[in-house]
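Here's the structure we're looking at; comments come further down.
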Amino acid sequence: MTSFNPDIVAFIDRLAETGSNYRIDEMKDLYTDDLGFLVLTADGKISRFSKAEILSEFTARRDAGAPPLSTEKRILHIEETPGEAVAILYRRMSERSDALFYELRLKRTDGAWRVAGETVMPWPDLAAAKGFLPD
């Protein structure tokens, strides 16, 4: 069993809980102002969203009465250096949504962890995965 920095684990738990419940004012403090939110699209391209765009999307969902998202997640790996960390997660937003591969790029600023970047991709079919180098 891998042991991760409990402060980072607590931050990831708070991030999932806050975002999943559309608590926008709290969400603002969890991201750096220069957030880069990257999403792999169905056509194989990357879409980049800013902090304002992500908060706007969550605000629109909240205002439309969307039910809370699931907080289902599994931390797979965390690498930490002084003041920075990268966390790799399995994440699922609802029973009806696809599972996702999340990379969180974290920075410690003013004594608190914040998300400086996220990369979101579909969760791979692990049974078909052959590794990153050819045989």
Side-chain angles (χ1 to χ4, degrees):
M1 176 88 181
T2 303
S3 177
F4 301 123
N5 179 331
D7 290 337
I8 295 174
V9 172
F11 174 78
I12 292 169
D13 288 344
R14 181 176 171 217
L15 180 67
E17 177 67 25
T18 302
S20 293
N21 288 286
Y22 309 112
R23 294 195 305 260
I24 306 305
D25 287 337
E26 289 178 57
M27 287 177 71
K28 290 176 185 175
D29 291 333
L30 301 179
Y31 295 96
T32 62
D33 289 338
D34 61 348
L35 171 72
F37 193 101
L38 308 174
V39 178
L40 178 65
T41 63
D43 61 356
K45 297 186 176 164
I46 298 291
S47 288
R48 185 184 194 285
F49 301 95
S50 68
K51 178 179 179 177
E53 289 169 321
I54 290 301
L55 293 176
S56 177
E57 175 67 26
F58 276 76
T59 299
R61 288 173 179 266
R62 179 201 62 196
D63 293 351
L69 299 168
S70 170
T71 59
E72 180 184 353
K73 69 191 168 317
R74 187 170 64 246
I75 299 172
L76 303 173
H77 184 75
I78 296 175
E79 288 191 14
E80 182 181 2
T81 60
E84 295 185 349
V86 174
I88 306 296
L89 311 176
Y90 166 94
R91 180 87 169 91
R92 194 162 179 158
M93 302 293 197
S94 80
E95 291 179 7
R96 297 179 316 278
S97 68
D98 292 333
L100 301 168
F101 179 101
Y102 262 72
E103 176 197 51
L104 300 175
R105 295 175 302 284
L106 308 175
K107 284 186 182 178
R108 193 158 178 83
T109 57
D110 299 326
W113 288 105
R114 290 186 173 76
V115 179
E118 290 189 33
T119 303
V120 181
M121 298 179 286
W123 185 256
D125 176 2
L126 296 177
K130 296 180 181 172
F132 72 97
L133 290 174
D135 292 333

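Numbers here simply count residues along the sequence, with the first being 1.
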What's the separation between atom [atom1] in [X] and atom [atom2] in [Y], rounded to the nearest 0.5 Å?
X	Y	atom1	atom2	result
Asp13	Lys73	CG	NZ	4.0 Å
Leu76	Leu89	CG	CG	7.0 Å
Leu38	Ser47	CG	OG	9.0 Å
Ile12	Arg91	CD1	CZ	11.0 Å
Asn5	Phe11	CG	CZ	12.0 Å
Tyr31	Glu118	OH	CD	4.5 Å

Do the side chains of [X] and [Y] join up, straight or via other hydrophobic residues, at under 4.5 Å, putting them in one cluster?
X	Y	answer
Met121	Val86	yes
Leu40	Ile54	no
Val9	Leu106	yes

Would you mind reporting whether [Y] and [X] have side-chain heavy atoms less than 4.5 Å apart?
X	Y	value
Ile88	Glu79	no
Tyr102	Val120	yes
Ser20	Thr71	yes

Between [X] and [Y], is there a donor-acceptor pair closer than 3.5 Å when you use the side chain of the first and the backbone of the second?
X	Y	value
Asn21	Arg23	no
Tyr90	Glu72	no
Arg61	Tyr22	no
Glu84	Thr81	no
Ser94	Ser70	no
Arg92	Glu95	yes

Q. Does atom NZ of Lys51 have more than 12 heavy-atom neighbours, drawn from other residues, nucleotides or ligands, at distances under 6.0 Å?
A.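 Enclosed.
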
(Q) Just checking Asp33: does its CG atom have more than 12 heavy atoms from other residues, nucleotides or ligands closer to it than 6.0 angstrom? (A)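 For Asp33, atom CG is not crowded (no more than 12 foreign heavy atoms under 6.0 Å).
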
Q: Determine, step by step, whether Leu30 and Val115 satisfy the side chain to side chain contact (heavy atoms under 4.5 Å, CB included) criterion, reporting the C-alpha distance in whole Å, the side-chain angles of both residues, the deciding distance to 0.1 Å, and the verdict.
A: CA-CA 6 Å; Leu30 301 179; Val115 179; 5.6 Å; no

Nearest heavy-atom neighbours spanning [X] and [Y]:
X	Y	answer
Asp34	Arg48	O-NH2, 4.0 Å
Thr32	Arg114	CG2-CB, 4.0 Å
Ile75	Phe4	CG2-CE1, 3.6 Å
Ile78	Ala87	CG1-CB, 3.9 Å

Q: Please report the C-alpha distance between Phe58 and Leu69 in whole Å, then the side-chain angles of each, then the deciding distance to 0.1 Å, and finally whether the side chain to side chain contact (heavy atoms under 4.5 Å, CB included) criterion is met.
A: CA-CA 11 Å; Phe58 276 76; Leu69 299 168; 4.1 Å; yes

Q | Leu104 vs Leu15, side chain to side chain contact (heavy atoms under 4.5 Å, CB included): CA-CA, chis, key distance, verdict | A | CA-CA 11 Å; Leu104 300 175; Leu15 180 67; 4.0 Å; yes

Q: Could you walk me through whether Thr59 and Met27 pass side chain to side chain contact (heavy atoms under 4.5 Å, CB included), step by step?
A: CA-CA 10 Å; Thr59 299; Met27 287 177 71; over 6 Å; no

